[in-house]
Amino acid sequence: MKTILDLIVEELKPAFTGCGYDEKYIRVTVSNRPDLCEYQCNGAMAAAKAYKKKPIDIANEVVEKTAGSKMFSEINAVMPGFINIRLNPCYLASYVQQVAEDEKLGLNAAEKPETIIIDYGGANVAKPLHVGHLRSAVIGESIKRISRYMGHHVISDVHLGDWGLQMGLIIEELHDRQPDLVYFDPDYTGEYPSEPPFTISELEDIYPAASAKSKVDAAFRERAQQATFKLQSGYAPFHAIWKHIMNVSLKDLKKNYGNLNVSFDLWKGESDAQPYIPGLIEDLQKKGLAYESDGALVVDIAQEGDAKEYPPCIVRKSDGAALYATSDLATIIEREQDFHPDRYIYVVDKRQELHFIQVFRVAKKAGIVKEDTPMIFLGFGTMNGKDGGPFKTREGGVMRLENLIADIDEEMYRKIVENRSVKDKDAKDTAKIVGLSAIKYGDLSNQATKDYVFDIDRFTSFEGNTGPYILYTIVRIKSILNRYKEEGGNLDAGEILPAVNASQKNLMLELTKFGNTIENAFEEKAPHKICAYIYEVSNAFNSFYHETKILSEEDQAQKESFLKLLGLTKDILEKSIDLLGFSAPDRM
Ligand code: ARG
């Protein structure tokens, strides 16, 4: 359906052309001075130059021509030439009614659905998820949901780090702990056991121990590098251990991502890209793009007009090993072959920007990806603690994601029980749902590219611009709707009538903005715009709720209209939080 902004433009067209002005000058925006008007048209200012007239004269003429419009209750020209507009409450009511009936709540889905690959998550197998991985998962999941709601065909890929030195470290640490395992017996020729030689908690212990050891024990580090090399060259016993590491670790990762309400279509990793590497290297050489430099194989990526100097992309080290960039390029070859994507979006720490500039440029130069296929790097900022430094545990260590979630849930639980007296079990589940909203909204309400401070106290507050506040608003609406149903009311009856007071009109105006907001959030890869929007909607709803008697309204048609509006507010808020990746409980 058409947006209100489009409809206002349409309504103004005959007025502009009727006065002899080209309709291309009409520009309508939501007013940033709601005390003066709801919408504003700046067309007279733009036309003034072309027609060599005073903007205010043009504005006056146009306004006069709109006389009798059923769409506006107020339209006037103000200095220096703005046209200020308020919508007729009847018009607004019928528009909002249409939004309520629209399957997409007023959103115009993409005309040409694209196939989009979103690469996010990026967990490293066998290393615990830490808070650094939180942002990628949370932002990526939201971008995925927004893109899908826009009608695109989206493929999400976690792109695991499953092929690096951590594997050699684990193998050698395992060797030290359990030297008698068959994997370490060079004479063993039998089948390898199907049972893993470790549990997840043992594995969680093995990696940090090995990592610490490698920092003080050069010989151990050397062995780990050797083991990594052997694994990558296909040495069967180590491949068998690697499989165990993958199985045990993936099960745990899936559980952790599941707790975050984050899911992936593909659970691929760097290891899956390995078969494409020889062909890639050969192709880069054949095309004359790759050349030897200090024994390494590199591709120049500098372009005319670069503001800074970009170093060449190394695709093979002097010892013959592939690198991070090599495996990302090989992954792109696989993705092109499997999906022919129209667009790529990578949600990764912004400190990896140079890496992605290199990879994207090589991919285009080599013709792996078509020149006009957008490859977007959405680089996010760091999550900091209250002291301004990277988020740490109280002891100053790396904070594990699981612990962070547990801390939030505990704080949420405390606040929830403080607020009410409910059964323990119920409050624990609710705390989890609300806790997730605190984490995700706390993150997503910031522009992704910026660093932000993770503030548990603020994020878990029921007041202010927080996830729990939004959920609180939804729960409040749900409880009114339920009460009405319990009293025998029919929520399907009636329709939305013109606003009875200013706060209701304001809420209705907010609800018309849903479609534009989502479109904008998609275009700009900006979930924070949805957060800002639902905060406004929640505020608008709460003002309306405080000023208006809803269930005690005596006029039945009016009461039904209020309830319809509540229903739409709930639908829009719930759809929005779903796009952000969390949900609301029934009570809190
Ligand atoms: N595993 C990487 C890390 O932890 C992130 C992977 C990002 N995605 C990619 N295609 N390189 O830093």
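Start at 1 and go down the list; that is how both ligands and their atoms are numbered. Keep in mind that the numbers below use all heavy atoms, side chains included, and drop hydrogens, waters and symmetry copies.
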Asker: Would you kindly specify which portion of Asp328 sits under 4.0 Å from ligand 1, judged on non-hydrogen atoms: side chain, backbone, both or neither?
Answerer: side chain
Asker: Would His355 count as a polar contact of ligand 1, with the cut-off being nitrogen or oxygen pairs under 3.5 Å?
Answerer: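 No, no N or O pair falls under 3.5 Å.
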Asker: With atoms numbered from 1 as shown, which atoms in ligand 1 lie under 4.0 angstrom from a non-hydrogen atom of Val348?
Answerer: 7 (C), 8 (N)
Asker: Give the residue and atom name of whichever protein heavy atom lies nearest to atom 8 (N) of ligand 1, and the separation in Å to one decimal.
Answerer: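 Nearest protein contact, heavy atoms only, for atom 8 (N) of ligand 1 is Asp119 OD1, 3.1 Å.
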Asker: Under 3.5 Å between any N/O of Gly122 and any N/O of ligand 1: does that happen in this structure?
Answerer: yes
Asker: Give the atom numbers and elements of ligand 1 that come within less than 4.0 Å of a heavy atom of Tyr324.
Answerer: 2 (C), 5 (C), 6 (C), 7 (C), 9 (C), 11 (N)
Asker: Go through ligand 1 atom by atom and flag the ones less than 4.0 Å from a non-hydrogen atom of His133.
Answerer: 4 (O)
Asker: Assess whether ring-ring contact (aromatic ring centres under 6.0 Å, His included) is satisfied between Phe377 and Phe360, documenting all intermediate values.
Answerer: CA-CA 9 Å; Phe377 173 64; Phe360 295 169; 7.1 Å; no
Asker: Would you mind checking which non-hydrogen protein atom is closest to atom 12 (O) of ligand 1, with the distance to 0.1 Å?
Answerer: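 Result: Gln352 NE2, 2.9 Å.
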Asker: Between the side chains of His244 and Tyr183, is a donor N or O closer than 3.5 angstrom to an acceptor N or O?
Answerer: yes
Asker: If you measure every N or O of Glu270 against every N or O of ligand 1, does any of those distances drop under 3.5 Å?
Answerer: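 In fact, backbone or side chain, Glu270 has no N or O that close.
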Asker: Considering the heavy atoms of Tyr346, write down every atom of ligand 1 situated less than 4.0 Å from one of them.
Answerer: 10 (N)
Asker: Can you list the steps and then say if Asp342 with His152 is a side-chain hydrogen bond (donor to acceptor under 3.5 Å, both in side chains)?
Answerer: CA-CA 10 Å; Asp342 299 304; His152 296 295; over 6 Å; no
Asker: For the pair Phe356 and Tyr324, name the ring-plane relationship: parallel under 30°, tilted 30 to 60°, perpendicular over 60°.
Answerer: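 Answer is perpendicular, since the angle exceeds 60°.
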Asker: Cut-off 3.5 Å, side chains only: do Tyr310 and Gln358 have a donor facing an acceptor?
Answerer: no
Asker: Identify the residue among Ile241, Val125, Leu165, Ile206 that makes a side-chain contact (heavy atoms from CB on, under 4.5 Å) with Ile170.
Answerer: Ile206
Asker: Is ligand 1 under 4.0 Å from a heavy atom in the side chain of Asn124, in the backbone, in both, or in neither?
Answerer: side chain
Asker: Has Lys440 got its NZ or CZ under 6.0 Å from the middle of the six-membered ring of Phe582, at an angle within 45 degrees of the ring axis?
Answerer: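 Geometry flag: not set, cation outside 6.0 Å or 45°.
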Asker: Please state which part of Phe356 comes within less than 4.0 Å of ligand 1, counting heavy atoms only: side chain, backbone, both or neither.
Answerer: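 Near ligand 1, Phe356 shows its side chain, while the N, CA, C and O stay back.
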Asker: Apply side-chain hydrogen bond (donor to acceptor under 3.5 Å, both in side chains) to the pair Gln352 and Tyr346, showing each step before the final yes or no.
Answerer: CA-CA 11 Å; Gln352 294 193 20; Tyr346 291 76; over 6 Å; no
